[in-house]
Student: 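Below you will find the structure I want to go over with you.
Throughout, a chain's letter reflects where its sequence line sits, starting with A, and its residues are numbered from 1. Bear in mind the structure is a predicted one, so any value in this text is a computation, not a measurement.
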Protein chains: 2
Amino acid sequence: MKGRPNIHDDQELVLKAQEVFWQRGYHATSLSDLSTATGAGAGSLYNTFKGGKKELFRKALQQRSADLLTFKQKLEQSENQVAPIKQFFLDIADADPITHQKGCIVVNTLTEMTCVDEDLKQEAAEILTETEKLYKQAIAHAQKHGYIASKTPADTLAKYLVTFWCGLNALRRIYPDKKVLKRQIALQLQVLD
Amino acid sequence: MKGRPNIHDDQELVLKAQEVFWQRGYHATSLSDLSTATGAGAGSLYNTFKGGKKELFRKALQQRSADLLTFKQKLEQSENQVAPIKQFFLDIADADPITHQKGCIVVNTLTEMTCVDEDLKQEAAEILTETEKLYKQAIAHAQKHGYIASKTPADTLAKYLVTFWCGLNALRRIYPDKKVLKRQIALQLQVLD
DNA sequence: CTATTTTTGTAATGATCATTACAAAATAAA
DNA sequence: TTTATTTTGTAATGATCATTACAAAAATAG
């Protein structure tokens, strides 16, 4: 293959860009910010991501869809498939302050892009419905095997968890406090007993 | 008083600006958008709001703090102070599609401004903690008078409601569907029985 | 070594942004 | 009326934005 070799790994560019987008959102992030964060100049960024800023953002967002797949595989190896989900939520309380402030890039995007960019809003919404589907399967599995007593439909409980996830990412911004968060998370997870 | 008279009422300017900020957020709203929405030129807007776009946004946000006070007065006239809160949540399901997409300007601002503008983030956070305080008093009152059986501390339940509010404003964007929302809201309000 | 191809950094480019300058308009006071 | 004062709409202003143009750099292929 001819041509000057890549300095920057494409995937690493996406991850470094994701960090900035995650913290500042789409509109408050400039190409200069992305250049600084990635270490790549505008030339490189536009050569790699022909769609420019928006394509880079899309890739950063869709990365979470890939991450979800990894979590799905972990679930499927569990006896009680709801246990890793509960643990995921409980672990949120232990996160560092910056992580609390960042929240969730998918929820952030849903909020930022609604009434602004229908495509990106829809992409964020779809990642959340994917998450919901994963929750639903895990809950149904756990109910079938007696890990959950509640007769509430798995569908409803899954939507409950997605709602909680979105709410928790607001709460942790207001109260980035381990004790408070642990207590609130425990309360919310009671419906899965 | 000397001088050319006002065409635009200050409060109406704020409310018209609020509508645009509520839908599009701070960064995606241009002064041209605000000029169109309010019917006032840049000259008028800067003459009225010396702080420019940011002051106008602040006023639009703080309007919700005033609205909260109105709700507080309604609460204090109720026998069961938690009843109007439950009703408020249940009524969300009946809102029109655009209202679902808009969500809550306070939660939107908390999300948009975290890691971007500490002042505005804090203002949004404070409106939510004010809301929490209002919930807490109402819940404590209801518990004392036997309207709520749950022994869970009012403080914890109030934070639960704020978390739910933030989550619900994501859920309604994904499912702007009366049946779905009614079901999920009813489930979440069960902790207040 | 030469030609070709791709990446890279930098420096335009043109659009859009928030803000300001300013003169005309419209009132009250004198 | 005349003068003073405030509002209004429009047209600069200068900054910043995303994007593109382009030439140097760095590799491979012939």
Student: Look at the rings of B:Phe89 and B:Tyr135 and say which category their plane angle falls in: under 30° parallel, 30 to 60° tilted, over 60° perpendicular.
Tutor: tilted
Student: Write down the distance between CG (A:Leu45) and P (D:dT19), rounded to a whole number of angstrom.
Tutor: 11 Å
Student: Output the rounded distance in Å from CD (A:Glu55) to C1' (D:dA18).
Tutor: 15 Å
Student: For DNA chain C, which residues of residues 5-30 of chain A approach it to below 4.0 angstrom with any heavy atom?
Tutor: A:Pro5, A:Asn6, A:Ile7, A:His8
Student: Sort me out a list of protein N/O and nucleotides 22-24 of chain C N/O pairs below 3.5 Å, or just none if empty.
Tutor:
none

Student: Does A:Glu126 offer a backbone N or O that forms a donor-acceptor pair with the side chain of A:Thr129 under 3.5 Å?
Tutor: yes
Student: Taking only residues two or more places apart in sequence or in another chain, which ones pass side chain to side chain contact (heavy atoms under 4.5 Å, CB included) with B:Lys86?
Tutor: B:Val82, B:Leu189, B:Leu192, B:Asp193
Student: Using OP1 and OP2 only, check whether a side-chain N or O of B:Ser32 sits under 4.0 Å from C:dC17.
Tutor: no
Student: If the condition is ring-ring contact (aromatic ring centres under 6.0 Å, His included), which residues does B:Tyr160 pass it with, not counting sequence neighbours?
Tutor: none
Student: Look at the aromatic rings of A:Phe71 and A:Phe88 and report parallel, tilted or perpendicular, splitting at 30° and 60°.
Tutor: tilted
Student: Looking at the side chain of B:Leu31, which of C:dG9, D:dT19, C:dT19 is the nearest nucleotide?
Tutor: C:dT19
Student: Give a yes or no on whether the backbone of A:Lys151 and the side-chain of A:Gln143 come within a donor-acceptor separation of less than 3.5 Å.
Tutor: no
Student: Respond yes when some side-chain nitrogen or oxygen of B:Tyr46 is under 4.0 Å from OP1 or OP2 of C:dT19, and no when none is.
Tutor: yes
Student: With sequence neighbours excluded, tell me which residues meet side chain to side chain contact (heavy atoms under 4.5 Å, CB included) with B:Glu112.
Tutor: B:Tyr26, B:His27
Student: Whole-Å distance between C:dA18 C1' and B:Lys53 NZ?
Tutor: 8 Å
Student: Rounded off to whole Å, could you give me the CZ-to-C1' distance for the A:Phe49 and C:dT8 pair?
Tutor: 15 Å
Student: For the side chain of B:Ala42, counting heavy atoms from C-beta on, which of C:dT5, D:dT10, D:dT19 is nearest?
Tutor: D:dT10
Student: I'd like to know if A:Leu134 and A:Tyr147 are part of one continuous hydrophobic network [Ile/Leu/Val/Met/Phe/Trp/Tyr, side-chain heavy atoms within less than 4.5 Å].
Tutor: no
Student: Identify, between B:Gly41 and A:Gly51, the residue whose nearest nucleotide on DNA chain D lies closer to the 5' end.
Tutor: B:Gly41
Student: Atom CG of A:Leu34 and atom P of C:dG9: how far apart are they, to the nearest Å?
Tutor: 15 Å
Student: Rounding to an integer number of Å, can you tell me how far A:Asn47 CG sits from C:dT6 P?
Tutor: 10 Å
Student: Closest nucleotide of DNA chain C for B:Lys50 versus for B:Lys2: which of these residues is on the 5' side?
Tutor: B:Lys50
Student: Output all residues satisfying salt bridge (charged side-chain N to carboxylate O under 4.0 Å, His left out) with B:Glu55, sequence neighbours left out; order by chain, then residue number.
Tutor: B:Lys59
